[in-house]
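To keep things clear, I will list the structure first and then write my remarks on it.
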Amino acid sequence: MKRVTSISPATLPIVTPLGKFTARYSEKGLAELEFPGQKTRVALKRGAVERVPAVVQRWHRAAAAALQSIFAGRNPEQLPPLAPAGTPFQKRVWKALRKISPGKTRSYGAIAQAIGKPKAVRAVGGACGANPIPVLIPCHRVLAANGKLGGFSGGLEWKRQLLAREGVKI
DNA sequence: CCCACAAGTCGCT
DNA sequence: AGCGACTTGTGGG
């Protein structure tokens, strides 16, 4: 997956009970969300949050609230606009993922069928791995057909934890 | 353009 | 449980 590293208007932290996430916003909305403990995080200087555009601050509040909701196992009432960069195929997959509500799971094969490419099962896995906005785009709710976890780019522990918070037993 | 790989799945042993 | 065949999108050479 090739992605252009453009200058984002804002990179902001989201502090949660599970750690400090990092959100990156483009002009169009939330572009990336990083799990706590990633090396690429950017330290913010004091007062930096106040200098980002008002619209981004609004998105950021929505993103933070949405994260909290999901960690509590609930469906977020409101989401910021999601603007992940990806290929057309990946975007189709990500769109399909968003239809899985908290506490539910789907198989990679089911997602492949949902986007009209029933044989592209493996490619769906690839697209999940390339998901720039984990949690909000719930790639953690996709399991292998045999009910096992499959993989997770943020580490399988995260996948387990997220599912547990939604009341899913493996 | 060709090649290797991947967060899969199914069938067979 | 293990193994191979099959498949498709993606990135590197």
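The sequence lines fix the lettering, A, B, ..., with proteins before strands; numbering per chain opens at 1. The structure displayed is predicted, hence computed values, not measured ones.
One atom, CD of Gln90(A), and another, C1' of dA6(B), lie 13 Å apart when rounded to the nearest Å. One can place CD1 of Ile100(A) at 13 Å from C1' of dA7(B), the figure rounded to the nearest angstrom. Atom-to-atom, NZ of Lys148(A) to P of dA7(B) comes out at 16 Å; the value is rounded to the nearest Å. As a whole-Å value, the separation of Asn131(A) CG from dG9(C) P is 19 Å. Atom-to-atom, CD1 of Ile115(A) to P of dT8(C) comes out at 12 Å; the value is rounded to the nearest Å. Between Arg106(A) atom CZ and dA7(B) atom P the separation is 23 Å, expressed in whole Å. Between the CH2 atom of Trp94(A) and the P atom of dG9(C) there is a distance of 15 Å, given to the nearest Å. As a whole-Å value, the separation of Leu149(A) CG from dA6(B) C1' is 17 Å.
Looking at the side chain of Ala145(A), the nearest of the listed nucleotides dT10(C), dT9(B), dT7(C) is dT9(B). Which of dA7(B), dG9(C), dT7(C) sits closest to the side chain of Ala123(A) comes down to dG9(C). Nearest to the side-chain atoms of Arg122(A) among the listed nucleotides dA7(B), dC6(C), dT9(B) stands dC6(C). Among dT9(B), dT10(C), dT7(C), the nucleotide with an atom closest to any side-chain atom of Tyr108(A) is dT9(B). Checked against dT7(C), dA7(B), dT9(B), the side chain of Ser107(A) finds its nearest nucleotide in dT9(B). Listed candidates were dT10(C), dA7(B), dG8(B). Nearest to the side chain of Thr87(A) is dT10(C).
Linking ILVMFWY side-chain heavy atoms closer than 4.5 Å, directly or via other members, places Val15(A) and Tyr25(A) in two distinct hydrophobic clusters. In terms of hydrophobic clustering, with Ile, Leu, Val, Met, Phe, Trp and Tyr side chains grouped at heavy-atom distances under 4.5 Å, Leu162(A) and Ile170(A) are assigned to a common cluster.
In this structure, Lys119(A) does not reach the dC6(C) phosphate: none of its side-chain N or O atoms is under 4.0 Å from OP1 or OP2.
dA6(B) and dT7(C) are spaced 12 Å apart, taking the C1' atom of each and rounding to whole Å.
A distance of 10.0 Å separates CD in Glu32(A) from OG1 in Thr22(A), rounded to the nearest 0.5 Å. For the atom pair CZ (Arg61(A)) and CG (Leu12(A)), the distance works out to 11.5 Å, reported to the nearest 0.5 Å.
In summary, Glu166(A) and Arg141(A) engage in a salt bridge, as defined by a charged side-chain N under 4.0 Å from a carboxylate O. Salt-bridge check for Arg24(A) with Glu34(A): passed, with a basic side-chain N closer than 4.0 Å to an acidic carboxylate O.
Across all strands, Gly126(A) comes closer than 4.0 Å to no nucleic acid atom at all (heavy-atom distances). Phe89(A) comes within contact range of the sugar-phosphate backbone alone, with a heavy-atom separation under 4.0 Å but no base atom that close.
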For this session: Whenever both distances are under 3.5 Å in a Watson-Crick or G-U wobble pair, mark it; put DNA chain C into dot-bracket that way, with [ ] for crossing pairs and | when the partner is on another strand.
Result: ||||||.||||||

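A donor-acceptor pair under 3.5 Å is absent between the side-chain atoms of Lys20(A) and the main chain of Ile14(A), judged by distance alone.
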For this session: Mind running ring pair (Phe, Tyr, Trp, His ring centres under 6.0 Å) on Trp158(A) and Phe21(A) for me, showing each step along the way?
Result: CA-CA 13 Å; Trp158(A) 273 108; Phe21(A) 287 71; 5.7 Å; yes

